[in-house]
Chemist: 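Shown below is the structure under consideration.
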2 protein chains.
Amino acid sequence: MQKAAIEKNNEAIAAQLAPVGRETVQDRVYSELRRALIGGLFEPSQVLTIRGLADALVTSTMPVREALGRLITEKALEALPNRSVRVPPITLERLDDLLRARILIEGEAIALAAARMGPRQIATIETILGEWDEMRALKHKKDVDREVTLNQSFHFEIYRSCGSAVLIPMIESLWLQSGPCIRVAIYAFSEAGEVDTAQYHRRIVTALSTQDGQAARESLVADISRPFTFLRSKLQANAAKDQT
Amino acid sequence: MQKAAIEKNNEAIAAQLAPVGRETVQDRVYSELRRALIGGLFEPSQVLTIRGLADALVTSTMPVREALGRLITEKALEALPNRSVRVPPITLERLDDLLRARILIEGEAIALAAARMGPRQIATIETILGEWDEMRALKHKKDVDREVTLNQSFHFEIYRSCGSAVLIPMIESLWLQSGPCIRVAIYAFSEAGEVDTAQYHRRIVTALSTQDGQAARESLVADISRPFTFLRSKLQANAAKDQT
DNA sequence: GATTATGATTTGTGATCACACTTGCTTTGA
DNA sequence: TCAAAGCAAGTGTGATCACAAATCATAATC
């Protein structure tokens with residue numbers, strides 16, 4: 001019996017080949033829409049049509065409608081009584097509601113992560129911070145997309161360390177819901193004040209590397225509150241203007 | 001111009017007619033599966049097939065597959081690499097993870113609700129408690145289904161008062177995820193110890209009617225922890241038995 | 001001239017079909 | 001006797017079609 005030899009050969013093959021994976025079209029559509037949502041590529045109150053998205057993504061309607069359904073259940077999109085779907089509009093209440101939930105859940109996640117992150121994980125988020133500085137160095141081109149991506153990587157690298165398979169999907173849902181809102185805030189920050197966002201992240205890293213969960217939570221709260229309070233005042237200003 | 005008169009007539013009609021609503025088949029399938037999941041009608045690790053469910057629900061595969069997709073995204077079901085879907089199996093880690101998340105989020109929700117519940121809402125949950133006692137009175141028929149339903153009504157009547165459109169869907173997702181687990185616990189309670197579950201609920205009502213958020217939170221934590229710690233010890237006992 | 005009817009277009013929903021992959025069983029060969 | 005190949009039933013995925021409801025533009029009516 002040459003079974004052992006065959007087995008060995010198979011292992012040799014497996015070592016060289018990467019698993020091809022079998023991602024469905026629906027998964028790709030879903031990821032693409034998620035990316036667009038978190039990145040704030042869709043505007044609040046914008047309505048999306050199945051056929052329109054299918055054309056834009058060059059597929060049939062089938063994968064799109066299932067992806068939309070999934071996004072609706074996680075409240076990233078909203079189903080109108082007309083059965084059309086749109087990006088949820090921003091209101092003051094919703095903003096406060098989202099921030100409170102994010103403080104609660106992401107705060108818990110980072111406190112858990114603080115006790116579990118090793119030098120390996122700390123190094124990873126420091127690398128991300130480094131890329132941030134690098135990007136800032138050549139500031140002539142303010143790449144908001146990249147900024148959003150790096151911010152996301154930084155936070156989720158931490159959350160992944162919290163070891164909770166239940167909390168992480170909830171945080172993803174929260175980001176999906178607040179994505180369309182904070183995009184405008186990040187853009188305004190990057191354009192105007194230039195109050196270094198990275199300094200908040202540095203405070204988080206410091207707290208995490210000393211395993212200080214409480215400090216990490218507080219720094220995180222400061223970090224995620226900023227765009228929300230900014231948006232809040234902006235929204236109130238608009239409301240006041242509409243009054244006149 | 002009799003526009004005002006017509007408008008008035010329309011309003012009069014609207015006052016008498018109930019909106020008919022246009023529930024889709026997919027929505028019904030989704031609700032039905034949710035109900036089954038929260039009620040624990042499916043066992044952990046059970047595999048569900050699209051065609052099988054479609055036959056059972058007497059529809060085509062289309063509404064079922066979309067409903068399954070939605071349930072997968074809220075982690076109520078699990079997509080295997082084989083592309084079959086099953087209800088997630090129970091593990092010790094998952095149990096602890098779920099309980100921690102529920103304490104965190106439902107605790108916050110009830111604390112918020114404590115400050116917002118008026119006599120009207122208090123009366124509603126007291127009614128539910130009354131129905132509970134009534135059911136207990138004729139205890140010859142231990143109706144676990146009704147017990148699960150009443151428990152759900154009691155809790156969600158409270159959560160609805162928290163005023164957070166963001167937290168409530170998350171709590172629903174958590175119930176969906178813990179449903180298959182706690183069913184066995186409730187059943188065991190109802191059968192064996194008969195330690196009055198209602199007494200925990202009464203403590204919650206007392207705390208809420210005095211607007212004591214902290215007490216309400218603590219009572220709630222005691223209430224939802226009970227089935228989890230029960231299941232936990234049972235699972236550990238099983239693990240020990242498998243060892244031998 | 002403003003409002004209501006009417007028709008065409010667009011959109012979501014559900015059903016059905018074709019295809020690829022998985023799974024379990026049978027058959028074949030050593 | 002046992003393992004591997006081959007076959008058949010079952011399953012998820014995507015495409016397409018039919019239909020009903022919504023939307024919008026045009027026409028008709030007061």
Side-chain angles (χ1 to χ4, degrees), chain A residues 1-11 13 17 19-33 42 45-73 76-87, chain B residues 1-11 13 17 19-33 42 45-73 76-87:
Chain A
M1 193 203 301
Q2 46 178 333
K3 186 177 169 186
I6 293 176
E7 188 68 22
K8 188 160 174 293
N9 184 31
N10 285 344
E11 278 176 22
I13 293 177
L17 262 42
V20 58
R22 225 156 36 86
E23 199 184 30
T24 67
V25 178
Q26 181 193 152
D27 290 336
R28 276 199 296 278
V29 172
Y30 177 68
S31 310
E32 191 60 21
L33 291 181
F42 296 137
S45 301
Q46 181 179 353
V47 312
L48 305 176
T49 65
I50 294 180
R51 286 173 171 90
L53 289 174
D55 287 349
L57 296 167
V58 199
T59 45
S60 83
T61 64
M62 185 61 64
V64 175
R65 58 198 270 193
E66 309 207 351
L68 284 188
R70 291 168 67 180
L71 289 168
I72 289 171
T73 65
L77 294 176
E78 191 181 31
L80 269 53
N82 321 336
R83 301 209 166 151
S84 54
V85 358
R86 68 169 177 187
V87 182
Chain B
M1 191 202 300
Q2 46 178 334
K3 184 178 170 185
I6 292 175
E7 188 67 23
K8 189 161 174 290
N9 184 31
N10 286 343
E11 277 176 22
I13 294 176
L17 262 43
V20 57
R22 224 159 33 88
E23 202 185 27
T24 67
V25 178
Q26 182 192 150
D27 290 336
R28 276 200 296 277
V29 171
Y30 178 68
S31 310
E32 192 58 22
L33 291 180
F42 295 137
S45 300
Q46 182 179 353
V47 180
L48 304 177
T49 66
I50 294 180
R51 285 173 172 89
L53 289 174
D55 287 349
L57 296 167
V58 199
T59 46
S60 84
T61 63
M62 184 59 64
V64 175
R65 59 197 271 193
E66 309 207 350
L68 285 187
R70 291 168 67 180
L71 289 168
I72 289 171
T73 64
L77 294 175
E78 191 181 32
L80 270 52
N82 320 336
R83 302 210 165 150
S84 54
V85 356
R86 69 171 178 186
V87 359

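So you know, we letter chains A, B, ... as the sequences are listed, proteins then strands, and number each from 1. Treat the numbers as computed from the prediction; the structure is a model and nothing was measured.
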Chemist: Which is it for L80(B) and V85(B) under the side-chain contact (heavy atoms from CB on, under 4.5 Å) test, yes or no, and what are the steps along the way?
Modeler: CA-CA 6 Å; L80(B) 270 52; V85(B) 356; over 6 Å; no
Chemist: Mind grabbing the angle between the end helix axes of the helix from dG1(C)-dC30(D) to dA30(C)-dT1(D)? Five pairs an end, 10° rounding.
Modeler: 0°
Chemist: What distance separates T59(B) OG1 from L53(B) CG, expressed to the nearest 0.5 Å?
Modeler: 9.0 Å
Chemist: Of the non-hydrogen atoms in V64(A) and I50(A), which two are nearest, and what is the gap between them?
Modeler: CG1-O, 3.8 Å
Chemist: Hey, does L57(B) have a side-chain heavy atom less than 4.5 Å from the side chain of V25(B)?
Modeler: no
Chemist: Using a heavy-atom cut-off of 4.0 Å across all strands, would you classify L80(B) as base, sugar-phosphate, or nothing?
Modeler: nothing
Chemist: Could you tell me how far apart L71(B) (CG) and dG12(D) (C1') are, to the nearest whole angstrom?
Modeler: 17 Å
Chemist: Between CG of L68(B) and CZ of R70(A), what distance do you get to the nearest 0.5 Å?
Modeler: 11.5 Å
Chemist: Nearest 0.5 Å, please: how far is CD1 in I72(A) from CG in L48(A)?
Modeler: 9.5 Å
Chemist: Nearest 0.5 Å, please: how far is CZ in R65(B) from CD in E66(A)?
Modeler: 4.5 Å
Chemist: Encode nucleotides 13-22 of chain C as B, S and - characters from 5' to 3', where the letter depends on protein heavy atoms closer than 4.0 Å: B to the base, S only to sugar-phosphate, - to neither.
Modeler: BBBB----SS
Chemist: If the condition is side chain to side chain contact (heavy atoms under 4.5 Å, CB included), which residues does V47(A) pass it with, not counting sequence neighbours?
Modeler: R86(A)
